[in-house]
There are 2 protein chains.
Amino acid sequence: MHSHTEENYLKALFNLANEKGEVSVNDLSKILAIKMPTVNSMVKKLAGKKLVHYESYKPLRLTEKGKKEAGLIIRKHRLTEMFLVQKMGFGWEQVHEIAEQIEHIHSPYFFDKMDEMLGYPKIDPHGSPIPDKTGKVDWIRYEKLSDCGAGETVRLGAVIHSTEEFLKFLNSRKLHLGLKIKIKSVESFDGSMVVSYGKNSTETLSLTVSERLLVEKIG
Amino acid sequence: MHSHTEENYLKALFNLANEKGEVSVNDLSKILAIKMPTVNSMVKKLAGKKLVHYESYKPLRLTEKGKKEAGLIIRKHRLTEMFLVQKMGFGWEQVHEIAEQIEHIHSPYFFDKMDEMLGYPKIDPHGSPIPDKTGKVDWIRYEKLSDCGAGETVRLGAVIHSTEEFLKFLNSRKLHLGLKIKIKSVESFDGSMVVSYGKNSTETLSLTVSERLLVEKIG
DNA sequence: AATAATTGTTAGATTTGTCTAACTTTAAAC
DNA sequence: GTTTAAAGTTAGACAAATCTAACAATTATT
Ligand SMILES: [Mn+2]
Ligand SMILES: [Mn+2]
Ligand SMILES: [Mn+2]
Ligand SMILES: [Mn+2]
């Protein structure tokens, strides 16, 4: 269908659109680590395939077709991550790089089987929603822990900008999805937070960390 | 390391060398469905990387380095096939196409995990040996069923030239690896064989079939 | 409003992997 | 031993995906 390269552009366009709204050639260039002229000619090519709406000097937008294709690739990525964690015993910090490659495998059977073995999961190991078989994503509305206040109790639903280093940090603090977290206080000077969770712990989380933790309020 | 394309050439060179002894540009061209001039320039490139011994108009030979690289790709292919069958419930006729793609994934962890989960298997679902982590293959010496005679009892060890159609045929006759087969008679006219195996069956196997079944003689 | 910085585009070169057409060498047939 | 067929090679073209250098448009700063 599409090349490995085209698939990576589509995925990046999709993810950037959901993070920052408008997507520029420059954004794409940075995230893919590919120079702007290359990105420029590639998005024109994708426009030729009706996957992207392209107008000179205007923000880039995926077409409906483009969104669907991107969603299907992201579906494969996230199903793979879930499979690696749930069925192969990898840690959530180890799976992204492998999924980055396996997402390009062409085989409905393979991913359907994963899906079935996993019991048709709705989220991946980092709490991101897994698009359905039509490529549609069912967004979960979380808020950042950093936007919550002292006294509130929340449940950790997802992590964003989850690099290997960040996830290892979360491991070291025993922070995992589903955890109930009580916010004891917020330091107004630097936005750091004192929280408690699990057994007997009292931890301080920097703003850098609390901005990357997505939670839902409970109780 | 090497490109997807280069890996496919190495693998084809390795497999052809073990089937036919000498490998020609023409053989490679046919098996890869790539025209001779393209193959010619590619093997020269591989020679430049010290993966192939190349001399004009002479048969092609993998270097030790080339054999090792090829062995490691075939290791990934066969471990994947075994994983798909043993851990994901695919039939032996369904796994080759998927493995053909997954063999190019770069991730030691991923394949080591498969290996571990499978209990360090020595053969794949078709009875082919899985190369070790240094790329070395421990050849098993089987003979073709077609080379055996009436009265002999053999065990089915491997299948060769195992296309999806052939494997489906074997499924339909309940022929699977490990099966004990008694040769009742051999028709000298067309080489067909009357055999018995499993419960109460008496089957006739054409030469086309018995040539693709590798067996070991048993007591 | 003028200037500077950033972003976007065009043009042209490069690498990889493929092709066709033409030619050469080796092997097979007569 | 010629002649014919098959296999191998060389030369040149091409599409995909990348780059650099130069130029243009937009946005931000003063
Ligand atoms: Mn990921
Ligand atoms: Mn990718
Ligand atoms: Mn196979
Ligand atoms: Mn392959």
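Predicted, not measured: the structure shown is a model, and the values here were computed from it. Below, read A as the first sequence line, B as the second, and so on, with proteins coming before strands; counting in each chain starts at 1.
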Distance in angstrom units between B:Glu6 CD and C:dT15 P, rounded = 15 Å

Compile the donor-acceptor pairs under 3.5 Å between side chains in residues 50-61 of chain B and protein atoms, sequence neighbours left out, one pair per line.
| unit_1 | atom_1 | unit_2 | atom_2 | d |
| --- | --- | --- | --- | --- |
| B:Tyr54 | OH | B:Asn40 | ND2 | 3.4 |

For the pair B:Gln101 (side chain) and A:His106 (backbone), establish whether a donor and an acceptor sit closer than 3.5 Å, ignoring hydrogens and angles.
-> yes

In terms of the angle between their ring planes, are B:Phe14 and B:Trp139 parallel, tilted or perpendicular, with boundaries placed at 30° and 60°?
-> parallel

Whole angstrom value for the distance that separates P of C:dT16 from CG of B:Leu46 = 12 Å

Nearest of D:dG8, D:dT10, C:dT9 to any side-chain atom of A:Pro37?
-> C:dT9

Could you tell me whether the side chains of A:Asn26 and A:Ser29 share a donor-acceptor contact shorter than 3.5 Å?
-> no

NZ of A:Lys35 versus P of D:dA21: gap in Å, rounded?
-> 11 Å

Is the backbone of A:Gly135 close enough, under 3.5 Å, to the side chain of A:Arg75 for a donor and an acceptor to pair up by distance?
-> no

Distance test, side-chain N/O of B:Tyr54 to OP1/OP2 of D:dT9, below 4.0 Å | yes

Greater than 12 external heavy atoms within 6.0 Å of A:Glu22's CD | no

All N/O contacts under 3.5 Å from nucleotides 24-29 of chain D to the protein, with atom names and distances to one decimal?
| unit_1 | atom_1 | unit_2 | atom_2 | d |
| --- | --- | --- | --- | --- |
| D:dA25 | O4' | A:Tyr57 | OH | 3.2 |

Quick one: is B:Thr38 getting a side-chain N or O under 4.0 Å of the C:dC19 phosphate, OP1 or OP2?
-> yes

Quick one: B:Ile34 CD1 to C:dC19 P, roughly how many Å, whole number?
-> 6 Å

Below 4.0 angstrom from OP1 or OP2 of D:dG8, is there any side-chain N or O of B:Asn40?
-> no

To the nearest Å, give me how far apart NZ (B:Lys44) and P (D:dT9) are.
-> 7 Å

For A:Ser24, answer base if it contacts any base atom (sugar-phosphate contacts may also be present), sugar-phosphate if it contacts only those atoms, and nothing otherwise; contact means non-hydrogen atoms under 4.0 Å.
-> sugar-phosphate

Taking only residues two or more places apart in sequence, or in another chain, which ones meet A:His4 in a ring-ring contact (aromatic ring centres under 6.0 Å, His included)?
-> A:His104

Length of the line joining B:Lys58:NZ and D:dA7:C1', which is rounded to integer Å | 15 Å

May I have the distance from B:Asn26 (atom CG) to C:dA28 (atom P), rounded to whole angstrom?
-> 13 Å

For the pair made of CG in A:Leu28 and C1' in C:dT7, what is the distance, rounded to whole Å?
-> 13 Å

